[in-house]
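Below is one structure; the comments refer to it alone.
Every heavy atom of this structure was used, including side-chain atoms; hydrogens, water molecules and symmetry mates were not.
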Amino acid sequence: MQNIAKFNNGGYDKLDWNLGYSAYIKKQISPSFGIKATYFGGKTSGYEASDKQTGFETKTPWSVALSGEFIAANTNWRFFNSFIKPYASIGVGVMNAETAAIAGGNRGEYGDSYSKIYVPADFGLKFAVAKGINFELGYQLNWANQRFDNKVGPTQQYKNDLFTYAHAGLEFALGSGSKPALNNSNPVATLVNDYTVKYDDLKAQNDALNAKIKLYKVNWMELTMT
């Protein structure tokens, strides 16, 4: 986790990579839209210079958020069941954090734990690697409270701090395996598939009926000739 975006960083231009972790459960409302509840945690740190003598470190034991997710590929009729699906989501949640100052290269004691509202915005790509399974690459912007980087007061240019979270993971569709996963399905592709199945069924019935009629005519001709 860090602020690759380089804005709202409170002067901490030298940023560290830190470990983060997250999981979510999502209800797919339509092929192009879903609502997800996300758990997220990890550690973020930043420094004023490359020598890492002055900065901050914030650990996030937990955060929870509710977001709306939009999948772009499933809205275009030309992309029946796309392998690559761009997505974007935005939501609101509550983040629990503890912040410590770094001075002289040494981290001080963590301050009191606090819970504040934050806003996550996520962008990325989903790769349909198997039926009901997506590999996901994403980049998440998180607008946190002003205490996040341990700088509070009139010198702050922005009301909220911002940190980012680059992530990769797997998305599994839960439910009946006999039905296509909504997030891997395109309405036009589903319509075309249903039409093709019905057409093949009607054609098979028509061919069978024509065969019976032809057989009846042959038998009737043989009976008449006899």
To the nearest 0.5 Å, tell me how far [X] [atom1] sits from [Y] [atom2].
X: Leu174; Y: Lys27; atom1: CG; atom2: NZ; answer: 11.0 Å
X: Thr99; Y: Phe148; atom1: OG1; atom2: CZ; answer: 6.5 Å
X: Arg147; Y: Tyr114; atom1: CZ; atom2: OH; answer: 5.5 Å
X: Tyr21; Y: Thr60; atom1: OH; atom2: OG1; answer: 8.0 Å

Could you go step by step and tell me if His167 and Glu136 meet the side-chain contact (heavy atoms from CB on, under 4.5 Å) rule? CA-CA 8 Å; His167 57 91; Glu136 182 178 311; 3.4 Å; yes

Could you report the tightest heavy-atom contact between [X] and [Y], atom names first, then the distance?
X: Tyr118; Y: Ala144; result: CB-CA, 4.2 Å
X: Ser45; Y: Asn18; result: OG-ND2, 3.1 Å
X: Gly91; Y: Val119; result: O-CG1, 3.3 Å
X: Ala100; Y: Glu109; result: CB-O, 3.7 Å
X: Ala121; Y: Trp143; result: CB-CZ3, 3.9 Å
X: Pro61; Y: Ala97; result: CD-CA, 4.2 Å

Are the side chains of [Y] and [X] in contact, using a 4.5 Å heavy-atom criterion?
X: Gln53; Y: Tyr47; result: no
X: Phe33; Y: Ile35; result: yes
X: Ser113; Y: Asn96; result: yes
X: Asp149; Y: Phe163; result: no
X: Phe70; Y: Pro86; result: no
X: Phe56; Y: Arg107; result: no

Residues passing the side chain to side chain contact (heavy atoms under 4.5 Å, CB included) test with Ala37, sequence neighbours excluded, are Ile25, Leu66

Does the [X] side chain pair with the main chain of [Y], one donor and one acceptor, at a distance under 3.5 Å?
X: Ser89; Y: Ser67; value: no
X: Ser32; Y: Ile71; value: no
X: Asn134; Y: Glu171; value: no

Do Leu137 and Tyr24 belong to the same hydrophobic cluster, where Ile, Leu, Val, Met, Phe, Trp and Tyr are linked whenever their side-chain heavy atoms lie under 4.5 Å apart, directly or via other members? no

Using the ring of Phe135 (Phe, Tyr or Trp, six-membered ring only), decide whether Lys126 places NZ or CZ under 6.0 Å from its centre and within 45 degrees of its axis. no

Carefully, step by step, assess Phe123 and Tyr87 under the rule side-chain contact (heavy atoms from CB on, under 4.5 Å). CA-CA 6 Å; Phe123 312 89; Tyr87 77 90; over 6 Å; no

Show the numbers, then the answer: is there a side-chain contact (heavy atoms from CB on, under 4.5 Å) between Asn142 and Tyr165? CA-CA 8 Å; Asn142 298 279; Tyr165 173 53; 4.1 Å; yes

NZ/Lys36: more than 12 non-hydrogen atoms of other groups inside 6.0 Å: yes

More than 12 heavy atoms of other residues, nucleotides or ligands under 6.0 Å from CG of Asp112: is that the case? no

Evaluate the criterion side-chain contact (heavy atoms from CB on, under 4.5 Å) for residue pair Ser63 and Val94; output intermediate values, then yes/no. CA-CA 6 Å; Ser63 68; Val94 176; over 6 Å; no

